[in-house]
Number of protein chains: 2
Amino acid sequence: MQIAVLGTGIVGRTLAARASELGHQVTIGTRDPTATLDRPADGRGNASFGEWQGATGVRLATFAEASEGAELVINATGGETTMAALTLAGAAQLAGKVLLDVSNPLDFSQGFPPTLFVKDTDSLAEQIQLAFPQVRVVKSLNTLTAALMVHPEILQGESTVFVSGDAADAKALVTGLLAEFGHTDVLDLGGLSTARGTEMFLPLWLRLWGALGTPMHNIKVVRSA
Amino acid sequence: MQIAVLGTGIVGRTLAARASELGHQVTIGTRDPTATLDRPADGRGNASFGEWQGATGVRLATFAEASEGAELVINATGGETTMAALTLAGAAQLAGKVLLDVSNPLDFSQGFPPTLFVKDTDSLAEQIQLAFPQVRVVKSLNTLTAALMVHPEILQGESTVFVSGDAADAKALVTGLLAEFGHTDVLDLGGLSTARGTEMFLPLWLRLWGALGTPMHNIKVVRSA
């Protein structure tokens, strides 16, 4: 299907490359494509966007152009820039689309570990839904580092990924993509307000990173017998 | 060892009964022992304290009396009453003790699901440590329903329990008790501030209860290969 991935960072690139590899038509959306292509490598080991793009079949366009033709829009921007990016994508371009929100409301202003700028009486996913009522928002994958979003089999055993959303058909579309990515334990938590649970998981996720020394970890929900 | 369990609810009773069964000398602490013994069953299927106590070897005393003779004090009161209970237990009686805090800062004033009255820039565990600097606070078991705290083998597979604390010897004492309870995957998250992670897990824990229809669930941390 036609997929727009909003965000040119590691999360956006990882999702875009994997979806493209799986045969989807993927466009990455950014604020200013020329500026994105002109930006040099970040000096932290990540290739420049231009270098990265050359090895993929992924197109680059503005947030609005990418969103317009897409059936599924994936918000892979940082939580702090999500609302600005979606505003640039445009309510008209997003209308009727499924929006998979993988972002987290992380506030890095006080250093590491970040805290949350939306806490458990609300969620970023619900704020997006409120601001863009014509979109069907599904929250998922935000409990995973980028590599595990698209290759959960890297871990030692099966782990769980969560889905929250108010529209059943939108959740079904996302769940199908999750299966293509290799997720075998997809747990539907219910309506979009359950994203309060998965967004609030980040403080524990960050401490697990600290204790294990790597972001390559996930949780498996263990049920009763 | 001598263990004081503060709190006469299901969590306190469950921990006290299991520790007693394992051979520890357990005293449950309460505000007013006479009132506790006079209170009838709650009408929700739980026995009165007196009925429950008759089937165990557990003694009942005031918060202060229970704490005074204990090597380990377990805070099994509700988060909203924790500070009042510990104040009644007394800084002098608690001094030098290991305090295992299994509580969560849950605010039920707006109905179900509850929200948190301490969020990720602090934790109830750290507030306890700050108020009682002579105590060695260890946070653990707060990510589990009472039955699973003491019988994790009920679940379909191995699951993880977390430990946070600033004193290594206190964590070792608690970890020993966790092993007696049957926990085989105890993950030391680090200092007490990592309790911010496990306390903030409650919003997801509550949604898992909603989705699975039971509080009998836990998570297993799946590591990278």
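Chain A is the first sequence line, chain B the second, and so forth, proteins listed ahead of strands; every chain is numbered from 1.
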When Glu158(B), His217(B), Met216(B) are compared by non-hydrogen pairs under 4.5 Å with chain A, the top option: Met216(B)
How long is the straight-line distance from CD of Gln156(A) back to OG of Ser224(B), given to the nearest 0.5 Å? 7.0 Å
So for Ile219(B), is it side chain, backbone, both, or neither that comes closer than 4.5 Å to the heavy atoms of chain A? both
So what's closer than 4.5 Å to chain A heavy atoms on Thr160(B): side chain, backbone, both or neither? neither
As a quick check of understanding, evaluate side chain to side chain contact (heavy atoms under 4.5 Å, CB included) for Asn218(B) and Val221(A), giving each step before the final call. CA-CA 6 Å; Asn218(B) 190 18; Val221(A) 175; over 6 Å; no
Heavy-atom pair with the smallest gap, counting every atom of Lys220(A) and Val222(B): CB-CG2, 3.8 Å
Please output the residues of residues 110-120 of chain B in contact with chain A, using a heavy-atom cutoff of under 4.5 Å, in numerical order. Thr115(B), Leu116(B), Lys119(B), Asp120(B)
Full working for side chain to side chain contact (heavy atoms under 4.5 Å, CB included) between Leu204(A) and Leu204(B): CA-CA 11 Å; Leu204(A) 180 54; Leu204(B) 180 54; over 6 Å; no
Side chain, backbone, both or neither: which part of Ile154(A) has a heavy atom under 4.5 Å from chain B? backbone
Quick one: what part of Leu148(A) sits under 4.5 Å from any heavy atom of chain B, side chain, backbone, both or neither? neither
Pick from Thr214(A), Thr194(A), Leu206(A): which one has the most heavy-atom pairs with chain B under 4.5 Å? Thr194(A)
What residue in Arg196(A), Glu199(A), Arg223(A) has the most heavy-atom pairs under 4.5 Å with chain B? Arg223(A)
Leu208(B) versus Leu187(A): any side-chain heavy-atom pair under 4.5 Å? yes
Listing, residues 140-147 of chain A side-chain donor-acceptor contacts under 3.5 Å, not counting sequence neighbours, or none:
unit_1, atom_1, unit_2, atom_2, d
Ser140(A), OG, Phe162(A), O, 2.7
Asn142(A), ND2, Asn104(A), OD1, 3.0

